[in-house]
Each structure stands twice: as structure tokens, then as C-alpha cells.
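Below, read A as the first sequence line, B as the second, and so on, with proteins coming before strands; counting in each chain starts at 1.
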Amino acid sequence: MAPTEGANASSTSNTTPNDLKSPGTPPAAETPKTLPPPETKESLRLRQWVIASFWAVVLCLGLPMWWKTTAIYRADLPLQHMTDWAEGKICKPVFPLRIAVEAPFQLPDAHNLIRTTQHALDDLNEFSAHHLRLILADIPVARNASQQMVTDGMGISSNDRDIALLLRLIPVETGTTPRSMLQTYATRLDIYYAAHQIPSSSSTGSPLATFIAEELHSIFAEEQALLAYQLSTNVGALTPKMKAPSPEKVAELERQSTRALKYAPTYHLTFSLFSPTSVPSAWEIESALQQYLAPLLESFSFISNFTVDTQVQLYAGFSPSIRQPEYDDNLKAWTLRREDLSGFINAAEWPLSPSIGVGPTVNFVLYVPDQLQSPLLIKENGGNSWLVPQWGGVLILNPPTSGKNTPTVLTKDALAPAMHAFSDQLMSLLGFPQTPNSLPLRLATLERVRAASLLFSASSTLGALARLTKALPSIPIPDTVAKSVDLTIAHLQQSCDSLRDGRFQGALEHARTAEVEAEKAFFERSMVGQVYFPDEHKVAVYLPLLGPVAVPLVMSLLKEIKSVVR
Amino acid sequence: MLSFLPLLLLNALIPLGSANADYHERLLLRPLPQSAVLASFNFRSNETSTAFEEQNFRYFPRSLGQILQHARTKELHLRFSLGRWDAESWGERPWNGAREGGTGVELWAWIEGQSEEEAFSRWLTLTNALSGLFCASLNFIDATKTIRPVMSFQPEGNHANSSNLHLLHGTLPHEVVCTENLTPFVKLLPCKGKAGISSLLDGHKLFDASWQTMSIDVRPVCAAGGKDCILEMEQTVDMVLDIERSKRPRDNPIPRPLPIEEIACDESKPYNAADSCYPLEDSDGHQAAWNLTEIFGKPLKGACPLTAEEGENAHTVCVNSPPERTIQVNTTGPYLEANLAGDTVRCYKLPTGADFDLVFPSQQMTTGLVLATPPLFAARSINGHGQERGSVQAVIRNPSTSQAVEFVYLESLPWFMKPYLHTLRAHVSSSTENPIKETYYRPAVDRKRGTHLELRMLIPASSTLTLTYDFEKAILRYTEYPPDANRGFDVAPAIIRLITPPSSDGKGTYLRTTSLLLPLPTPDFSMPYNVIILTSTVMALGFGNIFNLLVRRFVGADEVQGTGGLKGMLVAKVARIRGMFGGS
């Protein structure tokens with residue numbers, strides 16, 4: 001230890017004299033013979049100008065250009081307006097239904113009846129957004145008795161599609177009065193009354209008026225419930241005066257609305273026969289469809305178009321992933337558990353690909369079980385058919401047990417129960433209400449419910465788009481999106497206005513366009529392309545240029561600032 | 001020496017179509033030389049055209065039917081192929097080559113359309129839809145890979161108004177056919193591989209075959225007068241299995257030498273040690289033992305109940321071999337055996353619901369089958385060297401000693417392979433006459449369409465035709481190279497259709513060459529980044545110099561005041577060290 005310390009000490013002591021001696025060798029560098037002439041003010045200013053102008057070019061030309069060329073184009077969207085629509089702040093849909101009344105008596109009496117009935121109706125109504133307004137239909141003065149009414153079918157005013165229901169008062173002498181009859185294939189409610197039941201002008205209430213009000217209320221009860229449910233599930237659209245429906249009712253309505261397919265102008269119906277064995281290999285589907293389904297589809301034809309295709313698939317058993325059926329001695333049948341029904345569809349092997357072309361496909365599956373596992377039923381309720389929400393329906397067709405073998409051809413009669421079940425399933429898949437017992441009225445109800453639901457779904461799509469735009473600042477927004485959003489808002493407004501005016505057909509049309517445009521805006525393809533191109537990449541690519549250029553610029557600026565400060 | 005029996009043509013076994021919806025299937029097995037066996041599956045489903053129009057599908061698959069209706073396709077031919085048919089040793093092609101395609105995927109269809117544009121847009125719809133159905137890259141058949149052949153294809157079906165039908169043809173030579181294409185193919189069959197001969201189809205064996213091709217043909221067939229039309233869909237699978245290779249168990253697929261005791265050694269040769277052996281070659285006419293379950297890897301699960309119960313069509317498995325070949329049937333159910341079309345074809349009616357197996361024991365044969373000589377042999381190759389040019393040579397040989405053959409030669413070349421038509425030479429060995437009778441040529445347009453060349457040629461008896469042309473290789477854009485650019489680019493096989501002698505069944509006689517691998521100049525793919533970095537560096541250097549010239553103050557060397565900073569410190573250090581050594 002000690003010697004090394006000594007060596008170090010000696011070396012340091014040696015260097016000091018050398019240091020003192022050495023200044024003779026590099027004198028030229030440290031003490032210049034002549035000093036450079038002081039810089040002129042002019043050259044100082046010139047340098048400052050040079051640096052300033054470089055920085056000016058960088059800041060005023062370079063940066064904006066850089067910013068502009070690498071920026072993502074984002075069209076202006078009315079974000080606040082879109083959010084307002086989604087929150088239901090702009091449109092509170094109302095459904096004023098006009099009901100025309102044809103009364104074959106004097107005008108003052110008719111007015112009086114309408115007034116009292118309207119009172120009774122308003123008392124019954126709990127849902128202010130949906131209200132029925134009675135108006136007097138114009139009846140030609142020279143109308144003669146009831147014969148003519150029967151012959152001309154629909155009244156004059158009911159040609160107007162905006163009239164929800166035509167109420168026709170028919171005087172009768174026999175039978176219990178008042179009584180009512182709803183036409184199954186027309187929007188007409190016939191009320192039979194006795195002559196003495198016409199309320200006098202002085203009375204404020206009458207049995208006839210109350211009767212009519214109750215009839216109307218019951219006819220539109222389900223529609224009210226459906227619309228109330230629609231409104232209540234959409235935030236902000238809740239109307240304060242509405243009474244909350246019972247929880248069971250809500251559950252039922254929810255089930256109905258989740259079942260229904262989204263509206264489309266075209267639906268493809270696919271009827272498939274599946275069998276785990278090689279029989280039956282044929283079915284008389286053409287005639288069965290002609291008889292059982294064609295009339296139904298015809299009556300739906302003004303809402304949507306339908307294409308129908310059928311197929312036969314053999315050696316196509318149900319999904320092997322669910323529990324195999326068990327034999328139930330009480331039912332004398334093989335049973336499937338209810339919780340397994342959701343896995344029944346053998347998606348891997350059954351060729352149930354959607355049909356080509358726009359529009360959703362509704363699948364109806366007719367499954368004929370193996371002879372060894374027949375009859376096959378559902379354990380819990382002994383049923384044989386079920387509905388798959390928004391997809392289609394399934395029916396297990398157990399061939400008659402009398403024959404030993406499964407028939408190779410399913411006749412039209414054997415298909416009848418299946419076709420009835422499929423018709424019912426199609427009705428609920430399309431979202432038809434259960435009541436009233438008049439097809440045109442149910443269609444009209446469907447129209448209003450659809451308009452409301454489309455209105456809400458388009459609005460919520462707008463809201464989602466607004467949220468997306470705020471949440472992801474790096475996605476581009478092309479002009480087409482802005483245009484679609486504008487169109488959506490315009491059509492939503494028109495749809496809302498049409499609803500208020502009671503023009504439901506128009507409201508549905510506008511809501512449909514709004515929905516299409518909103519979806520188009522939301523699913524714009526070019527919006528997702530750039531998401532994975534972060535800002536760092538833009539810098540990284542140009543760094544070999546920007547780095548070496550920035551260093552002298554920054555250094556000279558710092559130096560100049562230092563000199564100015566000094 | 002073997003005596004030879006005439007061979008039965010596959011086409012003779014195809015039953016005539018009926019006017020009703022029905023289903024038919026047949027498997028033909030034919031032993032080939034070098035212990036190979038040709039297995040030819042044929043499935044045919046018919047649907048009446050009224051049921052098809054109304055979309056009531058029974059035997060015809062709904063998925064394919066809807067695609068055809070949506071794309072207005074009247075006749076469709078789709079091929080998936082792998083391997084090469086060894087015509088030298090296996091003889092004539094099955095179905096006269098009319099049911100096979102070039103390596104990869106080949107598709108041609110007659111599409112209805114008022115104009116060419118309309119037909120082409122429907123063609124794109126068709127390729128996209130089929131791409132999804134068959135899990136193949138058919139959607140990559142775009143304008144550059146589509147041609148409109150003029151002479152090479154004739155419609156097989158009866159078409160009412162053929163004036164607005166457009167024939168379009170596309171190939172994907174690079175596509176690798178595999179199990180994901182077989183699964184949808186089998187799903188189209190009514191019995192879905194659960195019963196009938198389709199239960200033998202197994203991806204492991206099919207794609208391990210020496211040569212295999214799957215085809216789908218849809219065509220309308222009408223009775224005379226254009227009435228009672230049916231839509232016929234024919235699916236075929238042809239494969240040549242190597243018996244030894246196919247017999248390897250799946251869990252132990254690596255071939256291993258047999259123990260020496262089990263090898264028949266050639267005793268006539270001298271041996272130095274006990275463990276050496278010259279294996280005795282299979283003598284002429286020796287047939288190896290095999291059975292269906294072994295070579296297909298799956299048992300045949302009885303008959304598909306949809307096929308005919310009676311008559312010739314009920315016999316769904318046929319073996320084309322000399323009558324002396326022993327065949328044992330192994331099944332628990334009732335079956336029938338019959339000789340259809342001569343005694344060289346034995347056909348079996350399968351039992352329903354019981355496994356069926358044919359056992360071919362090892363046997364020394366005295367007779368064999370004559371393998372028909374194909375009408376033409378064809379080979380094509382790329383010659384030349386370098387990155388810029390090359391030439392193609394096709395050699396076509398007519399083995400017949402008496403008959404001249406007239407044929408159409410179709411080339412569909414990618415746009416980046418640019419042939420020089422003026423260098424096209426055709427030369428026949430036996431004469432000096434120009435064999436090219438007619439030429440149809442549609443030149444390529446860069447990135448828009450490929451070259452389409454059709455030649456009608458005549459080749460005299462027992463002579464060889466050599467066709468050559470030069471081409472230039474284009475340089476592609478950076479993004480146009482595939483991920484494996486250095487592998488090369490596949491060029492579709494040339495298609496040869498025979499005009500004379502005409503085929504007897506109206507489906508034509510075809511043969512195809514193998515596909516070619518074209519190496520193109522490939523760039524260094526990191527180039528753009530190198531370019532960016534280099535140019536940036538140069539620009540930064542220039543900028544730095546100019547900027548420094550502008551902002552620095554220049555003084556004389558003797559006027560520099562002090563050396564502060566890093567330089568000063570360094571100078572001081574150097575002086576100190578120098579002082580240390582210099583002073584002592």
C-alpha cells in the first residue's frame with residue numbers, strides 16, 4: 001500500500017514543474033498574437049437575421065406543411081346535435097291516432113257522441129304519447145240506410161291511410177246492444193247499437209260512449225304497451241306521465257322485441273328438412289308452401305318482400321355437443337332438455353349459410369329424428385317446436401308411430417302442423433303483436449312500432465358515432481360520413497315530424513332511410529384503415545432528415561440567445 | 001410375358017341422365033403399372049330446372065344453386081388439381097382429360113349477360129362466392145387472370161339462347177389444393193361422406209396421392225326440343241394412389257426398411273455377408289396385396305340409399321382388371337356382383353348399412369390390361385437465363401402411326417410475362433410445313449389483363465411438334481410482389497384440346513401441361529428505407545454546411561482567442577502528457 005502511495009505522490013510532484021515549464025510550447029493557441037477585429041454591429045445583426053429567417057421558415061412554412069400533409073382528414077360532425085338525438089332530447093315521439101267515426105245520425109248527436117267518447121277515452125288512457133282522437137267521417141248526406149255501406153266496403157274517409165281505424169255505428173233492433181265486431185281483414189270496427197242508446201245532447205256520459213271507449217282502449221292496449229316499452233328502454237325518451245308497466249309485462253315485451261328480426265326490405269326464408277338418417281329424402285314442400293304460407297306472405301307483401309327456398313339434407317344429425325336424448329317412460333318418448341335446445345342447431349354440419357343478396361335469412365328447420373329415437377320431445381313441456389330469436393324456428397316432426405319405418409316422402413298433410421308452426425314463428429320473428437284480431441290493424445301497429453324502434457336505433461347509432469369520434473382522435477372521418485350524418489339527422493327530423501302529424505307511413509319511410517344512412521356512416525370502411533398508424537411512425541420515418549437539420553438550428557439559436565442575454 | 005386385354009374406357013360406365021331428379025354415384029378402380037391404382041369417383045345429382053328456378057333443392061346443394069342463380073351462371077366447371085398425370089406409364093387420362101384441371105384451381109363458366117361488362121361483373125360475383133364456399137382463393141381471379149377462350153372450350157349443356165352467354169376462364173396455378181377444399185366438396189353430396197362411396201374420401205389419402213383432381217361440372221341437359229330440362233351436377237374425384245405408400249399406417253407414416261428375413265433376395269448374385277441383399281424386383285405380372293380400407297384409410301360404409309335400387313346404376317363399385325385377378329368381398333350385408341360392359345369390369349352392388357371391403361390378395365398374373373396410348377404427349381418448359389428474357393418451349397408428340405391430330409393450344413400468361421409474338425416458331429420434325437393453321441392473340445395490358453394466345457395446329461402422324469417463343473420479364477412495383485417473391489411466379493398450364501379425332505361423348509378430349517415457375521427479378525425489399533435514410537443524410541449534410549457558412553464568423557487562424565471547451569481540455573491534456581515524457 002505505502003509504496004504505491006509514494007509513487008503517486010512523486011509523480012504528481014514531478015508534473016507540477018513540467019506544467020510550469022510547458023506554457024512555452026503551445027503559446028500560439030492560448031494567447032493570440034493579434035485579436036480578431038471586433039464584429040461590426042452590421043454582421044451581428046445579419047447573423048441574427050439569418051437565424052431568425054431560418055426559424056421563421058421552419059415555424060411558418062415547415063411546421064404547417066408538415067402538419068397539413070400528415071394530418072388525418074376529419075370532416076366536421078355536429079357532435080353535440082348527434083348526442084342530443086341519442087339522448088332523446090330533440091325528438092319525443094308521439095303517436096296521435098285518428099279514428100274516423102261514421103255515425104248514421106244527426107250531426108249534433110254525432111258530435112255529442114264523439115265528445116263524450118273522447119272524454120271517456122282520455123280518462124282511460126295512461127300513456128300520453130299515444131292517444132286516440134275521434135273525428136267525424138264525412139258521410140254523404142244522401143246516404144241511404146245500411147245497405148249501401150255494406151256494398152261499398154270501406155268508407156270514403158278510410159281510404160286515407162292515415163286513419164288508423166274506422167268506427168262504424170250501425171243501428172240494429174235485435175240482439176244485445178251495444179256490441180262490436182272487428183273486421184279481420186279491414187281496419188273497421190262495427191258497433192251495433194239500439195236507437196235509444198244515442199246519448200242526448202245534455203248528458204255527459206252514456207253507456208254507448210263508455211262502451212266504445214273501452215273497446216278502442218282494449219284494441220290498442222298492446223300497441224300502447226309495446227310503444228311504452230320502446231320509449232322506456234331508450235334513455236331520455238321517457239315521458240313523465242306514463243305509468244310503468246308491470247314487471248311481467250316488461251319481461252314479455254322484452255322477449256318479444258329481442259325475438260324480432262331487424263327490419264329489412266327483403267327477407268329470405270329457408271325451409272330445411274334435416275334427418276340423421278337417409279329417410280325421409282323428399283317432401284311435398286312446393287304444394288305445402290303454396291297452401292299454407294303463400295297467403296300469409298302475400299298479406300305481408302307491402303311491408304317486405306320474401307324469397308323462399310327449400311332444401312333436403314340427409315345424414316345431418318343435430319349437434320353432437322349437447323346431451324343425447326333420454327327415454328322418458330311417462331311421456332313414452334325420447335326427451336331433450338330445454339337448456340340443450342340452444343345447442344341443437346348443428347352449425348358445423350348443417351348448410352344453413354345465409355342466402356346471397358341483401359336482407360337477412362330466416363331459417364326454418366324441420367327435423368325428423370332417427371327411427372330409434374322417435375318420438376323426440378322437449379322434456380319440460382312435451383312440445384316439439386321452438387323459436388331461435390332473430391334466427392328462425394325449429395320443429396321436430398315425429399313421423400306417425402303406426403308405420404314401422406319412417407316414410408321416404410313427407411306428404412303435404414304430414415307437413416301441415418309444421419307449416420302452421422312455422423307461420424306462427426314467422427309472425428313473431430317479424431315482430432307482429434298478438435292482438436287485436438285484425439290483420440291490417442296488426443300491420444299498422446307493426447308499422448308504428450317499427451318506426452319508433454328505427455327512430456331510436458338510428459339515434460343511438462348517431463350517439464355511438466359521436467362517442468367514437470371523440471374517443472378515437474386518430475381515425476379519419478371522410479366527407480361521406482358527414483354527409484350521411486346530415487342525411488340521417490334530416491330524415492330523423494322528418495320522421496319525428498311525420499309521427500307528430502300522424503303520418504305513420506311517411507314516418508316509417510324516413511326512419512328507415514335514417515337508419516340506413518346512420519349504419520352507413522358508422523360502418524364506413526375507410527375510417528378503420530388508419531387506426532393502427534400512430535404519430536410516432538410519421539416522426540420515425542423522417543427522423544434521419546429532421547435530426548441532423550434540427551441540431552445546428554437549435555444550437556445556433558441557443559448561442560444567439562446566450563449572447564443576447566449576456 | 002403378359003398377354004393384354006383391352007381396357008375399358010371410363011366414359012362407357014357413365015349412365016345416361018334421366019329427366020327426373022335423381023342421384024347416382026360410381027367408383028371405378030383400375031390397377032396401373034408400378035403398383036399404382038387409379039380410383040375414379042363419379043357423383044351425379046340432377047334437379048329439374050323448374051325446381052331449381054323455384055329454389056326447391058333436393059339433391060342439388062342449396063349453397064351452390066343460389067350462387068349460380070345469383071351470378072346467372074348457366075354452366076360451370078371448377079377444378080382442383082394436384083400432381084402430374086404420368087402419361088408415359090399410366091396411359092390415357094381418365095375421362096379423356098375432360099374432368100381434370102391444371103395444377104391449382106381452374107374455373108370456367110358460361111355466364112348470361114347483355115354486355116361483356118355485365119358478364120364480367122357477374123363473373124367476379126361468382127368467383128367471390130365460390131371462394132367462400134370452397135375455402136379457396138378464387139376471389140383472386142381478377143381481370144388479369146381472366147381470359148375469354150375462343151376455340152378451346154365448347155359448352156357441354158343445352159342452352160336455349162346462347163347468344164348472350166359469355167365464356168370466362170380463370171386459373172390460379174399457385175393455389176395449393178388441400179383438405180379445406182375437400183370438406184366443402186364432400187358436403188355438397190347428398191350422402192355427405194356418411195354412406196356410399198364418398199365415405200372413402202379422406203383428405204390424408206387424397207392429398208397424398210401421386211395425382212389427384214376434383215371437379216364440379218354443372219350443366220343444363222334438355223330432352224330434344226328444349227323441353228324437360230334438368231340441371232345436372234357432376235362431381236368427380238380422380239386419384240392415382242401408390243399402393244405401398246397408401247398402406248402405411250397413419251400413426252407411423254415414415255417408410256422403414258423391412259427386416260432382412262422378409263425381403264426376397266436375388267439368390268443368383270454373390271453375397272459377401274449375411275446381412276446384404278439385392279432385393280428381388282417385382283417380376284412381370286406380380287400384383288401386390290391391398291384392400292379398400294387399407295389404401296383409403298377408411299371403411300366403405302355401405303350404399304348411399306339415394307342411388308337406384310335396381311339395374312346397372314345400383315352397382316356402384318367397379319373394378320377394371322383382368323378376370324383372373326382374385327377379388328374377395330368382405331361384408332356382413334347382402335351384396336351383388338355383376339359383369340358390366342365385358343368381363344374385365346366387375347361391379348358390386350353395396351349392402352345398405354353394412355361395411356363393405358374388397359380384398360385383393362397378392363397374386364402372380366398371366367394377363368394384363370392394355371393401357372390405351374394417349375392421343376398426344378405434351379411437355380412445356382422455360383429456357384434461357386438471366387433476369388430479363390427467357391423463352392418457352394412446348395414439345396408435343398403424336399404417338400399415332402396413322403392419324404394426324406388437329407388441336408387447339410391455349411396459353412394464358414400473366415401480364416408480367418410478355419411474349420414476343422414475332423419469335424413464335426412452330427416446327428414439325430417430319431415436315432417443313434408450318435403446323436399453325438389459325439392464331440388468336442390478345443396481347444397483355446400492364447396490370448389490366450394477361451396474354452391470351454390460342455393456336456390451332458395440325459401435327460402429322462408419328463411426329464413431334466416444337467413450339468417456341470421468347471418473352472420478356474417485367475419489373476413489378478414494390479407492392480406487387482408476394483411475400484415469397486424469391487420463390488418465383490407460377491404460370492398456368494397450357495391447355496390442349498383435340499379437334500380431330502373428335503371425342504365420342506361430346507365432352508371433348510383435353511390434356512394439360514404442368515405449370516411453370518417463372519423467376520422474376522426481385523428487389524431488395526429494405527430499399528425504400530435505405531433510400532430515405534441516404535437522401536436524408538445528404539440533405540442534412542448540405543443544409544448543415546450552408547447554415548454554418550451563414551451563421552459562423554470566420555477569423556484568421558492566429559486570431560483565435562483561447563481554446564475553451566472540449567478542444568482546449570484535450571490540448572491541455574496532450575501538452576501535459578507530452579511534458580511528462582519530454583521532461584523526464
Side-chain angles (χ1 to χ4, degrees), chain A residues 11 14-15 17-19 21-23 25-26 28-37 39 43 46-47 50-51 54 270 272 277-279 281-283 285-286 289 307-316 349 351 353 355-357 541-549 551-553 556 559-560, chain B residues 21 51 54-59 61-63 65-67 69-71 125 129 132-133 187-188 190-195 304-306 352 529 532-537 539-541 543-544 547-548 550-553 555-556 558-563 568 571-572 575-576 578-580 582-584:
Chain A
S11 71
N14 279 348
T15 44
N18 281 351
D19 268 350
K21 246 193 279 171
S22 58
T25 24
E30 290 195 359
T31 49
K33 284 172 196 151
T34 52
L35 282 170
E39 269 193 291
S43 68
L46 188 68
R47 183 181 307 142
V50 167
I51 291 169
F54 264 99
T270 299
S272 314
T277 58
S278 64
V279 282
S281 68
W283 54 343
I285 188 72
E286 293 95 334
L289 286 177
T307 68
V308 180
D309 56 87
T310 68
Q311 63 175 339
V312 180
Q313 291 292 333
L314 308 177
Y315 295 101
E349 285 188 27
S353 50
S355 293
I356 301 188
V541 168
Y542 291 103
L543 201 64
L545 177 69
L546 297 183
V549 169
V551 168
L553 273 177
S556 63
K559 212 168 170 184
E560 212 53 40
Chain B
E54 288 172 9
Q55 303 207 8
N56 291 320
F57 300 107
R58 190 171 166 217
Y59 295 128
R62 166 179 165 263
S63 45
Q66 287 195 333
I67 289 173
Q69 286 183 348
H70 192 70
T125 314
L133 185 60
K187 268 193 193 175
L188 297 181
C191 282
K192 293 191 184 60
K194 301 263 173 66
C304 173
L306 302 177
T352 307
Y529 306 102
I532 288 178
I533 288 170
L534 196 70
T535 24
S536 299
T537 312
M539 281 165 72
L541 274 176
F543 173 81
F547 185 73
N548 282 339
L550 286 173
V551 299
R552 287 281 159 93
R553 184 184 172 202
V555 293
D558 55 343
E559 291 171 350
V560 177
Q561 190 183 23
T563 45
V571 168
R576 234 166 72 175
R578 200 185 276 168
M580 259 170 72
S584 59

- Task: With a 4.5 angstrom heavy-atom cut-off, could you sort out which part of V50(A) is near chain B: side chain, backbone, both or neither?
- Result: side chain
- Task: Flag the one option from R552(B), M539(B), Q66(B), K187(B) with the top tally of heavy-atom pairs under 4.5 Å to chain A.
- Result: Q66(B)
- Minimum-distance pair of heavy atoms, taken over all atoms of I533(B) and P544(A): CG1-CG, 3.8 Å
- Query: Do S556(A) and F547(B) have side chains that get closer than 4.5 Å, going by heavy atoms?
  - Reply: yes
- Message: Whether the side chain of R62(B) engages the backbone of V312(A) through a donor-acceptor N/O pair (distance < 3.5 Å, no angle test) should be reported.
- Response: no
- Looking only at A282(A), G357(A), S43(A), P548(A), the option with the highest number of non-hydrogen pairs under 4.5 Å against chain B is A282(A)
- Query: Does any heavy atom of chain B fall under 4.5 Å from the side chain of Q313(A), the backbone, both, or neither of them?
  - Reply: both
- Item | Residues forming a side-chain hydrogen bond (donor to acceptor under 3.5 Å, both in side chains) with S281(A), sequence neighbours excluded | R58(B)
- Query: Counting only N and O atoms by type, is there a donor-acceptor contact under 3.5 Å from the side chain of K192(B) to the main-chain atoms of L314(A)?
  - Reply: yes
- Distance (rounded to the nearest 0.5 Å) between S353(A) OG and I67(B) CD1: 7.5 Å
- Message: Can you give me the closest heavy-atom contact between Y315(A) and P305(B), atom names plus distance?
- Response: OH-CD, 3.1 Å
- Item | Part of S272(A) within contact of chain B (heavy atom distance under 4.5 Å) | neither
- Message: Less than 4.5 Å to any heavy atom of chain B: does that hold for the side chain of L553(A), its backbone, both, or neither?
- Response: both
- Query: Is it the side chain or the backbone of V279(A) that comes within 4.5 Å of chain B heavy atoms, both, or neither?
  - Reply: neither
- Looking only at G544(B), C191(B), S63(B), A195(B), most heavy-atom pairs under 4.5 Å shared with chain A are made by C191(B)
- Answer whether the closest heavy-atom distance between the side chains of Y542(A) and I532(B) falls below 4.5 Å. no
- Message: Could you work out, with side-chain hydrogen bond (donor to acceptor under 3.5 Å, both in side chains) as the rule, every residue matching Q69(B), not counting sequence neighbours?
- Response: Q55(B)
- Per-residue contact mode, I356(A) against chain B (heavy atom under 4.5 angstrom): both
- Can you find a pair of side-chain heavy atoms, one from I51(A) and one from V551(B), that are under 4.5 Å apart? yes
